[in-house]
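Data first, discussion second: the structure below is written as structure tokens.
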Amino acid sequence: MKLLPFAVAAALIAGPLHAAPSTAEKKMAAIVAAEQERNVALLEKLVNVNSGTLNLPGVTEVGAMVKPELDALGFETRWVPMAEAKRAGHLIAVHKGNGRGKRLLLIGHLDTVFEKDSPFQTFTRKGDKGEGPGASDDKGGVVVMLAALRAMKAAGTLKNADIEVVLTGDEEDVGDPIPLARRDLIEAGKRADAALDFEGLSVVDGKDMGSIARRSSTSWTLTVTARGGHSSGIFSTSAGNGAVYEMARIIDTFRRELPEPNLTFNVGLVLGGAQAALDGQGIRGTAAGKSNIIAEQAIARGDMRTLSNAQTERVRARMQAIVDQPLAGAKATIRFEEGYPAMAPTDGNRALLATLNGVNRDLGLPEQAPLDPLKRGAGDIAFVAADVAGLVGLGPSSEGDHAPGETVDLGSFERQATRAAVLMSRLAATPR
């Protein structure tokens, strides 16, 4: 575990917070500004190749487009196929420095939520905005990462930096089994001293925010069975209450008794009747019954989001206890399915944000306050959060992510790439 008390973590990670920009840092800012059109051109190239998570050839192609960009910067790159997890694979790149400074893990992803059958397929530039599938999430983030690394190389700060890049091919729909699909990322996290996630920058009321936490995203399936019979016997000792009433009791008890800070839980699908069944993917189902027949089967699926893995376990135990008190004549089971763990707001993460705010002050940018984690979804960095301090949101700002019309703020590229380049340079120069 590399999660340290705040005072110690700040001293070890942050380094000087109030130094004026060095000559190298000024050069990085100039390089990023000069390469804006190059960055936009690369973004357009990447966006125009569909890489929906389940479009395995498309994800592979985008990885092949990014690989030479990292090769040119002196990284040793490799493609890790993920056929066993029914996904395309991951692009991993390692830059060997002098072994003295903080070892950095940079995280991004190659896939998008827009599959081949989506009508939203191409990049369109509208002044300082860019519209397209994955223009922000996360192809814009990958472009910002590359821009920052190129600036570091030009300024001479990349030479001695120890950096590992993991660009997953299934962030939007992680492969199964998860331990295999995230094996390489988790191993990289154990080697790192700081993890930087290049998903989008959060902007609230015009202010750039710093993200030091991400909530989990896991699923649950509730199944209820009961005795059938004529509806005239409902609630009787012989017939019982039926599956639908028991399902309603459980879900309503969840609604009334589970709420607590930083927790959300949702019911996304409910089926009930004489027969009820889910499809193989668990996203569709069939049900049949009549108004005068007591329901024998009911199924519900939902998700749960928590701020810590301890909270996940505590809430699951409470849900199980509610399920274990069935109405007469019914039986219920709940199955919890793993997904994205939580990235809790640790002292190590706060120390990284303090370091970033030192960069902001030196660059003349406003301080970034911590973002409310309820305003951010789950993400890959959570898989390494138990092992290394991390910071989220090094990518560009945007609006409308995950929906047709997703639009990235091209003007944020310069700000974000400069921040990232200076931050990484300072961390890489800080003794371990």
Side-chain angles (χ1 to χ4, degrees), residues 46 49-67 70 76-94 105-118 133-134 137-139 141-142 145 164-192 195 197-199 214-221 268 278-284 301 303-305 309 312 335-343 377-388 390 402:
L46 297 177
V49 174
N50 178 278
S51 60
T53 309
L54 302 182
N55 179 9
L56 308 193
V59 174
T60 304
E61 183 178 351
V62 171
M65 295 164 71
V66 174
K67 181 180 184 298
L70 290 163
E76 296 179 5
T77 57
R78 60 190 174 98
W79 180 257
V80 181
M82 277 289 146
E84 292 179 73
K86 300 180 179 61
R87 295 295 183 266
H90 313 313
L91 179 62
I92 297 177
V94 177
L105 169 61
L106 312 186
I107 301 171
H109 62 93
L110 306 167
D111 63 318
T112 77
V113 299
F114 302 96
E115 298 294 343
K116 290 182 70 176
D117 59 355
S118 169
D137 187 15
D138 186 36
K139 293 177 179 179
V142 172
M145 181 192 296
E164 186 164 3
V165 175
V166 177
L167 301 177
T168 59
D170 60 347
E171 195 271 350
E172 301 293 2
D173 187 358
V174 64
D176 181 33
I178 291 176
L180 171 63
R182 287 298 171 269
R183 175 196 62 205
D184 299 277
L185 177 61
I186 292 170
E187 290 176 356
K190 295 181 185 298
R191 293 188 288 269
D197 187 321
F198 280 79
E199 287 203 289
R214 301 191 78 154
R215 292 193 302 159
S216 67
S217 178
T218 60
S219 300
W220 52 268
T221 301
L278 289 169
D279 69 358
Q281 292 182 307
I283 60 175
R284 299 177 184 84
R301 276 183 52 78
D303 80 347
M304 179 170 65
R305 296 173 187 262
N309 296 327
T312 301
R335 184 178 78 251
F336 298 105
E337 299 142 38
E338 296 306 320
Y340 283 87
M343 174 189 178
D380 273 341
I381 195 172
F383 286 102
V384 303
D387 296 305
V388 61
H402 283 212

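Side chains are part of it too, since the values below use all heavy atoms of this structure and drop only hydrogens, waters and symmetry mates. Starting from 1, each residue takes its place in the sequence as its number.
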Under 3.5 Å: donor-acceptor pair, side chain of Arg87, backbone of Asp173:
yes
With distance as the sole test, does Asp387 use its side chain to make a donor-acceptor pair with the main-chain N or O of Gly189 at under 3.5 Å?
no
Spell out, as yes or no, whether a donor-acceptor pair under 3.5 Å connects the side chain of Asn309 to the backbone of Ala342.
yes
Quick check: do Arg301 and Glu337 have side-chain heavy atoms less than 4.5 Å from each other?
yes
Could you tell me which non-hydrogen atom of Leu105 sits nearest to which non-hydrogen atom of Ala192, and how far apart they are?
CB-CB, 3.7 Å
Least distance between heavy atoms, Pro341 atom then Ala382 atom
O-CB, 3.1 Å
Side chains of Met82 and Arg183 in contact at under 4.5 Å (non-hydrogen atoms):
yes
Less than 4.5 Å apart, any side-chain heavy atom of Asp184 and any of Val166?
no
Smallest separation among heavy atoms of Gly58 and Val49, with atom names:
O-CG1, 4.0 Å
If you define the side chain from C-beta out and look only at heavy atoms, does anything of Leu110 sit under 4.5 Å from Ser51?
no
Please test Met343 against Asp197 for side-chain contact (heavy atoms from CB on, under 4.5 Å), starting from the C-alpha separation and ending with a verdict.
CA-CA 12 Å; Met343 174 189 178; Asp197 187 321; over 6 Å; no
Quick check: closest heavy atoms across Thr60 and Ala88, and the distance to 0.1 Å?
OG1-CB, 3.7 Å
About how many Å separate CE of Met145 and CG of Leu70, when rounded to the nearest 0.5 Å?
8.0 Å
On a heavy-atom basis, the closest approach of Leu91 and Lys67 is CD2-N, 3.9 Å
Of the non-hydrogen atoms in Ile381 and Ala195, which two are nearest, and what is the gap between them?
CD1-O, 3.9 Å
Between His109 and the options His90, Lys139, Glu199, the side chain to side chain contact (heavy atoms under 4.5 Å, CB included) test singles out Glu199
Do Tyr340 and Glu171 make a side-chain contact, defined as non-hydrogen atoms from C-beta onward lying under 4.5 Å apart?
yes
Looking at Arg214 and Asp380, does any basic side-chain N land under 4.0 Å from a carboxylate oxygen?
no
Taking salt bridge (Lys or Arg N to Asp or Glu O under 4.0 Å) as the test, write out the residues that go with Asp176, two or more places apart.
none
Do Lys86 and Asp170 have side-chain heavy atoms sitting under 4.5 Å apart?
no
What's the spacing between Thr168 OG1 and Arg182 CZ if we round to 0.5 Å?
4.5 Å
Determine whether a donor-acceptor pair (N or O, by modelled atom type, separation under 3.5 Å) exists between the side chain of Glu115 and the backbone of Leu54.
yes
When rounded to the nearest 0.5 Å, the distance separating CZ of Phe198 from CG of Asp137 is 14.5 Å
Using 0.5 Å steps for rounding, measure from the CD atom of Glu164 to the CG atom of Leu185.
9.0 Å
With no hydrogens and no angle check, is any side-chain donor or acceptor of Asn50 less than 3.5 Å from a backbone partner on Gly52?
yes
With heavy-atom distances below 4.5 Å as the criterion, would you say the side chains of Val384 and Ile107 are in contact?
yes
Give a yes or no answer on whether the side chain of Glu338 reaches the backbone of Thr218 with a donor-acceptor pair at less than 3.5 Å.
no
